S.K.: 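I have a structure here, written as structure tokens, and I will follow up with some questions on it.
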Amino acid sequence: MTDISDVRAALARIVDPGTGEDIVAADIVRALTVEDGAVRFVLEIDPARADEMEAVRAEAEAAITALPGITAVSAVLTAHSTPAPNLGQRQERRAPSGPVALPDVDRIVAVASGKGGVGKSTVAANLAVALAAEGKRVGLLDADVYGPSQPRMMGMKDARPGSTGDGQTIVPLQAHGVTLMSIGFMLEEGTAVVWRGPMLMSAITQMLGQVAWGALDVLIVDLPPGTGDVQLTLAQRAELSGAIIVSTPQDIALIDARKAVDMFAKTATPVLGIIENMSGFICPKCGHEVEIFGKGGAEADAARMGVPFLGRIPLDLEIRLSGDGGTPIAAQPDRPQATAFRDAARRLLEAGLI
Ligand code: ADP
């Protein structure tokens, strides 16, 4: 059976044509893992050589795929590490490039979507709160660099996390029974940041490894929308145990949701299920249901892809108002709209997925 040393030996036969050196000797192979025939690694490169190195990456991936007993290979390019941006005292540190180990956290589960605006953050916040209501110890990490919305949704937009006396560890916030950290807390409100790969990785690494998460049954990660390299690298850096995909029932959104399923397949991350959000609109006046974006598309797609279907969340004014007002509807159990999120949380628990 192929083991890690065989994989390393195969990688040592791949030469970077730019330097003439093999990629193992050049010390650019990072986070190499071999688990049940699935190989993952990262090639840390100079972003200026990304096109050239893509060919090297593809060659390395093909070489490993050809080894006996290998069932899946995920090789990803990342920009080499540089010091973090203006993020406080920790900025002098170089970001380690392998996955960040969180020994007290049982599971890390990403909430992802193929495109923005489908309600990924709403689902992440409500699932976190609903799982906490079921007695689980839950953390919520908002890694949506393009629009961190958890400080607002969890009612913490004017708060800031603390730090320990030695300034080495970030003390997260507590909101609605959930331990919370957001990349939004590291930015001035209203400032636009263009994240370069290494900056992003430093910030994410800090939020995973330098936050006093405490013992958690599950850490929910609200990923940025989309299926690009950022999402892929995040998925690898956080060593996910699974991913939940949020989609609306529209065909267009479902095409993107399928891309998200494929992205996680590349990193050998199990997709725990799909949630259909904005599924049918219930008129607050008469209670009549209107299928604005259609209904049921995600369930049919989940069945086709062999992925569990976790439930349907209606398009409902109360869900928006409560999220935008800082108290997710799942934290208000007497409201009928809380039921859909609580059911999805129970389904995950009953299936042993969380
Ligand atoms: P994403 O994270 O996918 O960009 P958000 O969770 O930020 O999406 O949702 C976008 C907007 O839609 C927010 O204003 C949110 O309150 C609203 N929204 C999300 N889901 C629902 C829903 N089921 N019913 C009503 N409004 C919703």
Side-chain angles (χ1 to χ4, degrees), residues 109-130 140-157 175-176 178 180 182-184 189 220-228 230-231 234 243-250 252-261 263 273-285 287-299 309-332 335-345:
V109 172
V111 176
S113 65
K115 66 180 202 113
V118 299
K120 169 184 57 59
S121 300
T122 302
V123 169
N126 278 287
L127 266 187
V129 169
L140 175 60
L141 170 56
D142 177 8
D144 187 346
V145 284
Y146 304 127
S149 48
Q150 295 303 349
R152 178 173 45 84
M153 289 198 176
M154 297 292 281
M156 288 284 144
K157 71 178 164 44
H176 309 296
V178 170
L180 173 70
S182 168
I183 197 150
E189 204 173 347
I220 306 271
V221 183
D222 184 1
L223 281 188
T227 50
V230 169
Q231 289 79 2
L234 274 179
I244 293 168
I245 301 198
V246 180
S247 179
T248 62
Q250 289 155 292
I252 289 287
L254 284 166
I255 291 171
D256 288 319
R258 274 173 233 141
K259 284 190 198 147
V261 171
M263 173 181 85
I274 293 185
I275 291 192
E276 182 169 283
N277 187 34
M278 307 189 183
S279 168
F281 168 70
I282 299 171
C283 171
K285 287 223 170 91
H288 180 68
E289 186 170 345
V290 188
E291 292 173 12
I292 295 183
F293 298 129
K295 190 175 166 185
E299 183 164 14
F309 183 68
L310 296 173
R312 196 173 276 138
I313 314 291
L315 182 64
D316 188 299
L317 185 60
E318 290 300 319
I319 294 179
R320 189 184 75 70
L321 291 177
S322 57
D324 293 353
T327 306
I329 199 88
Q332 308 165 58
R335 306 285 281 277
Q337 295 86 350
T339 315
F341 292 108
R342 295 225 159 171
D343 286 351

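Bear in mind that the values here come from a model prediction, so they are computed numbers and not experimental data. Remember, it's 1-based here, ligands and their atoms both numbered in the order they're listed.
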S.K.: Atoms of ligand 1 less than 4.0 Å from Lys120 heavy atoms?
M.R.: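 Here the atoms of ligand 1 in question are 1 (P), 2 (O), 3 (O), 6 (O), 8 (O).
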S.K.: Would you mind telling me if ligand 1 is within reach of the side chain of Pro225, the backbone, both or neither, using heavy atoms under 4.0 Å?
M.R.: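 The answer is neither; Pro225 stays 4.0 Å or more away.
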S.K.: Check whether any side-chain heavy atom of Val221 sits under 4.5 Å from a side-chain heavy atom of Val111, and report yes or no.
M.R.: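 No, their side chains stay 4.5 Å or more apart.
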S.K.: Is there a side-chain contact between Thr227 and Asp256, using heavy atoms and a 4.5 Å cut-off?
M.R.: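 No; the side chains remain at least 4.5 Å from each other.
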S.K.: Which residue supplies the protein heavy atom nearest to atom 6 (O) of ligand 1, what is that atom called, and how far is it?
M.R.: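 Here the nearest protein heavy atom works out to Thr122 OG1, 2.6 Å.
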S.K.: Considering all protein heavy atoms, does one lie under 4.0 Å from atom 22 (C) of ligand 1?
M.R.: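 When distances to the protein are checked, atom 22 (C) of ligand 1 has a heavy atom within 4.0 Å.
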S.K.: Ligand 1 versus Asp144, non-hydrogen atoms closer than 4.0 Å: side chain, backbone, both, neither?
M.R.: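 It is neither; nothing of Asp144 touches ligand 1.
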S.K.: Give the atom numbers and elements of ligand 1 that come within less than 4.0 Å of a heavy atom of Asn277.
M.R.: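 Taking each heavy atom of Asn277 in turn, ligand 1 has 19 (C), 20 (N), 21 (C), 22 (C), 23 (N) under 4.0 Å.
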S.K.: Could you check if a side-chain atom of Leu141 sits within less than 4.5 angstrom of a side-chain atom of Ile220, using non-hydrogen atoms only?
M.R.: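 Answer no - side chains too far apart.
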S.K.: Drop me the distance from Leu254's CG to Lys259's NZ, to the nearest 0.5 angstrom.
M.R.: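 Atom-to-atom, Leu254:CG and Lys259:NZ are 12.0 Å apart.
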S.K.: Any nitrogen or oxygen of Gly117, side chain or backbone, less than 3.5 Å from one on ligand 1?
M.R.: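 In this structure, Gly117 places an N or O atom under 3.5 Å from an N or O of ligand 1.
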S.K.: If the condition is side-chain contact (heavy atoms from CB on, under 4.5 Å), which residues does Met156 pass it with, not counting sequence neighbours?
M.R.: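 Expected list: Ala159, Leu173, Ala175, Leu180, Phe185.
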S.K.: Will you find, in the side chains of Ser149 and Ser121, an N or O donor that is under 3.5 Å from an N or O acceptor?
M.R.: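 Yes, Ser121 and Ser149 have a side-chain donor paired with an acceptor closer than 3.5 Å.
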S.K.: Heavy atom under 4.0 Å from ligand 1: found in Leu315's side chain, backbone, both, or neither?
M.R.: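 Near ligand 1, Leu315 shows its backbone as well as its side chain.
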S.K.: Could you check if a side-chain atom of Val178 sits within less than 4.5 angstrom of a side-chain atom of Met154, using non-hydrogen atoms only?
M.R.: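 Yes, close enough: below the 4.5 Å cut-off.
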S.K.: Considering the heavy atoms of Pro314, write down every atom of ligand 1 situated less than 4.0 Å from one of them.
M.R.: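 By the 4.0 Å cutoff, the relevant atoms are 22 (C), 23 (N), 24 (N).
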S.K.: Any idea which protein heavy atom is nearest atom 25 (C) of ligand 1, and the distance to it?
M.R.: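 Atom 25 (C) of ligand 1 sits closest to the protein heavy atom Asp316 O, 3.1 Å.
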S.K.: Can you pull out the closest protein heavy atom to atom 26 (N) of ligand 1? Residue, atom name and distance to 0.1 Å, please.
M.R.: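 That would be Arg320 CB, 3.4 Å.
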S.K.: Do Gln231 side-chain atoms and Leu223 backbone N/O form a donor-acceptor pair below 3.5 Å?
M.R.: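 No, because the side chain of Gln231 does not come within donor-acceptor range (under 3.5 Å) of the backbone of Leu223.
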S.K.: What residue and atom, counting heavy atoms only, is the protein's closest point to atom 8 (O) of ligand 1, and at what distance?
M.R.: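 Checking every protein heavy atom, the shortest distance to atom 8 (O) of ligand 1 gives Gly119 N, 3.1 Å.
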S.K.: Please tell me if the side chains of Phe341 and Val129 come closer than 4.5 Å, counting only heavy atoms from C-beta onward.
M.R.: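 No - every pair of side-chain heavy atoms lies 4.5 Å or more apart.
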S.K.: Backbone or side chain, does any N or O of Ser149 fall under 3.5 Å from an N or O of ligand 1?
M.R.: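 Looking only at distances, the answer is no, because the N/O contact criterion of under 3.5 Å is not met.
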S.K.: Report the part of Asp324 (side chain from C-beta onward, or backbone N, CA, C, O) that has a heavy atom under 4.0 Å from ligand 1; answer both or neither where that applies.
M.R.: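 The part of Asp324 near ligand 1 is the side chain, not the backbone.
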S.K.: Just by distance, with hydrogens left out, do Thr248 and Asn277 show a side-chain donor and acceptor under 3.5 Å apart?
M.R.: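 Their side chains do not contain a donor-acceptor pair, so the 3.5 Å distance test is not met.
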S.K.: Quick one: which ligand 1 atoms are inside 4.0 Å of a heavy atom on Met153?
M.R.: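 So the atoms of ligand 1 that pass are 6 (O), 7 (O).
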S.K.: Nearest protein heavy-atom contact for atom 18 (N) of ligand 1: which residue, which atom, what distance?
M.R.: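 Among all protein heavy atoms, the one nearest atom 18 (N) of ligand 1 is Met278 CE, 3.8 Å.
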